[in-house]
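What follows is a set of notes on a single structure, which appears directly below.
Excluded from the calculations below are hydrogen atoms, water molecules and symmetry mates; all remaining heavy atoms, backbone and side chain alike, are included. Per chain, numbering begins at 1; letters A, B, ... match sequence-line order.
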Amino acid sequence: KQEVTQIPAALSVPEGENLVLNCSFTDSAIYNLQWFRQDPGKGLTSLLLIQSSQREQTSGRLNASLDKSSGRSTLYIAASQPGDSATYLCAVPSYGGSQGNLIFGKGTKLSVKP
Amino acid sequence: GAGVSQSPSNKVTEKGKDVELRCDPISGHTALYWYRQSLGQGLEFLIYFQGNSAPDKSGLPSDRFSAERTGGSVSTLTIQRTQQEDSAVYLCASSLTSDTQYFGPGTRLTVL
């Protein structure tokens, strides 16, 4: 059974710092991995999706990497800003296929202090 | 364009009452998902609709929970005889054949 773990559970950094959020999964036979952002009281916003054949994806100040063999992904945020404060979730498809429900980690709550 | 919408945004009900939660997916999306997010818990899968196929109900926690998707578009999640442990945020998502799931803002359900 696939399990997704995220560490740390919470992180507080001063504005301007570069930071790394970690995600690990127990079954390496994943089709893709997705990173989401959730603001308080809101739904989820997709940030990056990495296919199993890719090693990384970049969007602006965000860079996500994937190491299937070790069951790990990282989300790198450069030059953090107070507006980056949110909970970040990673997720993988449950059946190893391209569609179907996602299995989520419990998230990392990020606070960026001005 | 319009994203996934859900209604109501908040619902307060008494224990034992039935509730219906609605999800309007992005137009043309063939797949629709329901998840639940309880306080302090991660997101939990409930049910998945794909086109005209039979839904995957493997995540429904009890037979008090059911869902329909009419005409391949709007979906309704029904919880019968609500219990306090049903209190959570219920999130709906939709997707095309591409992999990204797009989430709605959720319905916050409080059972008193």
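- Residue-environment remark: CZ (A:R55) stays at or below the threshold of 12 foreign heavy atoms within 6.0 Å.
- Within a 6.0 Å radius of CD in A:E15, more than 12 heavy atoms belonging to other residues, nucleotides or ligands are found.
- Heavy-atom contacts from other residues, nucleotides or ligands closer than 6.0 Å to CD of B:E14 number 12 or fewer.
- The contact between B:S58 and chain A is made entirely by side chain atoms (from C-beta outward), counting heavy-atom distances below 4.5 Å.
- Environment of NZ in A:K109: sparse, with no more than 12 heavy atoms of neighbouring residues, nucleotides or ligands closer than 6.0 Å.
- Connection of A:L89 to B:W34 is not established within any shared hydrophobic cluster, with ILVMFWY side chains joined at heavy-atom distances below 4.5 Å, either directly or through further cluster members.
- Of residues 104-112 of chain B, those residues lying under 4.5 Å from chain A by any heavy-atom pair are B:G104, B:P105, B:R108.
- Under the side-chain contact (heavy atoms from CB on, under 4.5 Å) criterion, A:V13 pairs with A:L11, A:E17, A:L19, A:S80, A:L110, A:V112, sequence neighbours left out.
- In this structure, A:L49 is not a member of the same hydrophobic cluster as A:F25, with clusters built from ILVMFWY side-chain heavy atoms closer than 4.5 Å.
- Taking hydrophobic clusters as Ile, Leu, Val, Met, Phe, Trp and Tyr residues chained together by side-chain heavy-atom distances below 4.5 Å, B:Y48 shares a cluster with B:L91.
- Put simply, CD1 on A:I103 and CD on B:E44 are 11.5 Å apart, with the number rounded to the nearest 0.5 Å.
- B:L77 and B:V4 fall into different hydrophobic clusters, where Ile, Leu, Val, Met, Phe, Trp and Tyr side chains are chained together by heavy-atom contacts under 4.5 Å.
- Residue B:L39 is found outside any hydrophobic cluster, as its side-chain heavy atoms come under 4.5 Å of no other Ile, Leu, Val, Met, Phe, Trp or Tyr.
- Following chains of ILVMFWY side-chain contacts shorter than 4.5 Å, one can reach B:L46 starting from B:L32, so the two form part of one hydrophobic cluster.
- Pairing each heavy atom of B:F45 with each of A:N101, the nearest pair is CD1-CB, 2.9 Å.
- Among residues 34-47 of chain A, the residues having any heavy atom closer than 4.5 Å to a heavy atom of chain B are, in sequence order, A:Q34, A:F36, A:Q38, A:G41, A:K42, A:G43, A:L44, A:S46.
- In this structure, chain B has heavy atoms under 4.5 Å from both the backbone and the side chain of A:L102.
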